[in-house]
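Report on one structure; see the data block that follows.
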Amino acid sequence: MNGGVATCVEENQTETEDLVMLHAKQICEAAFEQDDDDDDDDVEEEFAHPIPWQKIEAEGLDCDYSLLFSKQEADRLFNQLEVEVEYFTGDEAQVQVYGKLYNVPRQQATYGDEGLMYSFSGVHLLARLWTPTLEYIRDVVTNATGQTFNFVLINRYKDGNDHIGEHRDDERELDPTCPIASVSLGASRDFIFRHKDARSGSNPNKRQIKPVKLELAHGSLLLMNAPTNRHWYHSLPVRKKVKTPRINLTFRRIIKTRVKK
DNA sequence: TGCAAAACACCATA
DNA sequence: ATATGGTGTTTTGC
């Protein structure tokens with residue numbers, strides 16, 4: 001994940017806010033340029049075609065982005081997941097905020113190793129067993145990153161109205177040394193990081209830190225390395241123009257906790 | 001082209 | 001984890 005890094009960072013055009021925006025198309029072009037004539041003869045076969053990674057860095061933020069799947073394969077994986085994945089329904093699809101119950105504005109599912117417990121919105125649940133497609137994607141991600149994962153959270157955004165608010169991923173039961181690997185399939189969506197000290201409210205230490213905006217493309221992989229999750233919140237905002245679904249898979253390594261008797 | 005309305009985005013709040 | 005409303009910006013359509 002340290003291979004040739006193309007500079008695709010461009011300042012946003014607006015004068016009111018100059019945020020960093022990475023455009024998927026540029027990343028895509030850079031990736032394929034890189035791939036064309038890069039055949040080193042003396043590397044081992046399985047590493048003969050390393051993926052070009054785009055490094056994304058800011059104060060306390062460290063991510064790597066790449067196109068992991070061709071359009072053809074990403075299409076195939078998307079279609080298979082649309083058949084295979086069983087999403088939460090009923091209570092598990094609801095959340096209570098300020099005393100009111102809401103349906104979460106997306107669909108969610110969790111899969112992982114046998115018997116793996118995880119906490120979600122305060123309750124402890126058992127992950128479903130991996131499906132063949134999920135195992136395949138997990139293994140491709142492992143080959144690309146050298147990291148192993150025992151759990152995946154799936155979020156499905158049926159269109160641009162589905163979204164997720166600003167949050168950090170719960171660290172308590174996550175292996176802090178393992179990055180979170182986020183695979184995107186389907187509609188391309190904006191993804192926004194905001195530093196915790198840049199958030200408003202009663203923050204005595206409020207600082208002016210620019211958000212980092214990415215566009216997560218069909219077939220892409222975003223690696224969120226430590227300590228990103230400690231300092232930066234992230235969200236997937238509403239985008240009314242988006243009319244087609246996106247499936248996001250976040251692979252994690254969960255530390256198995258002792259079950260109380 | 002220029003304007004006004006509609007749609008969208010962002011932030012604060014509950 | 002949310003939706004909602006106020007405010008400011010961008011897009012649309014005439």
Side-chain angles (χ1 to χ4, degrees), chain A residues 10-24 58 85 87-112 117-128 151-174 180 182 184 187-216 222 224 228-252 254:
Chain A
E10 129 182 323
E11 292 298 321
N12 203 352
Q13 304 89 336
T14 61
E15 292 180 338
T16 48
E17 49 176 339
D18 48 347
L19 310 169
V20 179
M21 174 65 102
L22 299 170
H23 292 280
V85 175
Y87 293 96
F88 294 160
T89 59
D91 294 348
E92 293 180 353
Q94 295 190 319
V95 65
Q96 189 169 345
V97 181
Y98 283 92
K100 285 157 96 175
L101 271 181
Y102 300 96
N103 295 320
V104 298
R106 62 192 170 276
Q107 287 177 287
Q108 299 183 302
T110 56
Y111 289 78
M117 302 283 292
Y118 64 98
S119 38
F120 203 78
S121 300
V123 291
H124 291 278
L125 297 172
L126 210 54
R128 293 180 186 272
F151 180 82
V152 63
L153 168 65
I154 305 178
N155 280 287
R156 181 182 186 275
Y157 305 87
K158 68 178 183 302
D159 58 31
N161 288 307
D162 273 3
H163 62 281
I164 191 166
E166 210 170 61
H167 69 284
R168 291 181 289 184
D169 290 314
D170 193 350
E171 281 184 58
R172 294 194 308 265
E173 50 189 1
L174 291 180
I180 293 174
S182 169
S184 296
S188 187
R189 290 289 294 267
D190 289 347
F191 183 81
I192 299 179
F193 285 104
R194 282 179 77 203
H195 195 282
K196 65 180 192 310
D197 293 341
R199 287 153 46 91
S200 55
S202 55
N203 182 353
N205 305 325
K206 185 163 181 180
R207 300 164 59 198
Q208 298 285 343
I209 303 173
K210 292 176 189 170
V212 175
K213 297 187 174 187
L214 312 183
E215 188 180 326
L216 301 182
L222 177 70
M224 288 176 272
T228 303
N229 210 30
R230 284 222 308 276
H231 303 296
W232 293 76
Y233 287 72
H234 57 268
S235 66
L236 193 91
V238 169
R239 289 292 179 259
K240 303 279 187 188
K241 292 186 180 89
V242 176
K243 303 299 182 190
T244 55
R246 166 177 184 264
I247 297 174
N248 180 61
L249 314 172
T250 50
F251 293 92
R252 302 137 187 265
I254 291 187

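The analysis underlying the following values was restricted to heavy atoms, covering all of them including side chains, and did not include hydrogens, waters or symmetry mates. In what follows, chains are A, B, ... by sequence order, proteins preceding strands, each numbered from 1.
Look at A:K100 and you won't find any side-chain N or O under 4.0 angstrom from OP1 or OP2 of B:dT13. OP1 or OP2 of C:dA1 has not a single side-chain nitrogen or oxygen of A:H163 nearer than 4.0 Å.
Shown here are the side-chain contact (heavy atoms from CB on, under 4.5 Å) partners of A:E92, two or more places apart in sequence or in another chain: A:F88, A:L125. Every ring-ring contact (aromatic ring centres under 6.0 Å, His included) that A:H195 has, sequence neighbours left out, goes to A:W232. Listed by chain and residue number, A:Y118 satisfy the ring-ring contact (aromatic ring centres under 6.0 Å, His included) test with A:F151 (two or more places apart in sequence, or in another chain). With sequence neighbours left out, the side-chain contact (heavy atoms from CB on, under 4.5 Å) criterion links A:R128 to A:E86, A:Y111.
Rounded to a whole Å, the OH atom of A:Y102 is 13 Å from the P atom of B:dA14. In this structure, A:N103 places its CG atom 11 Å from P of C:dT2, rounding to the nearest Å. Summarising the geometry, the separation between CG on A:N161 and P on B:dC8 is reported as 9 Å, rounded to the nearest angstrom. Atom CD of A:E92 and atom P of C:dA1 are 17 Å apart (whole Å). Rounded to an integer number of Å, the gap from A:Y98 OH to C:dG5 C1' is 15 Å. Between the CG atom of A:D190 and the P atom of B:dA9 there is a distance of 9 Å, given to the nearest Å. As rounded to whole Å, 14 Å separates atom C1' of C:dT2 from atom OH of A:Y157. Atoms NZ (A:K210) and C1' (B:dC10) sit 18 Å apart, rounded to a whole Å.
Which of B:dC10, C:dA3, C:dA1 sits closest to the side chain of A:K213 comes down to B:dC10.
Applying the salt bridge (Lys or Arg N to Asp or Glu O under 4.0 Å) test to residues at least two apart or on different chains, the pairs with a partner in residues 232-246 of chain A are A:D190-A:R239.
Side chains of A:D169 and A:R252 form a contact here, defined as non-hydrogen atoms less than 4.5 Å apart.
Counting any heavy atom pair closer than 4.0 Å across all strands shown, A:E166 reaches sugar-phosphate atoms only and no base atom. Residue-level contact check: A:P237 touches neither bases nor backbone, having no heavy atom under 4.0 Å from any strand.
Near DNA chain B, meaning a heavy atom under 4.0 Å from it, residues 239-249 of chain A has A:R239, A:K240 in order of number.
Checked options A:I192, A:I164, A:N229; the residue passing with A:H234 is A:N229 (criterion: side-chain contact (heavy atoms from CB on, under 4.5 Å)).
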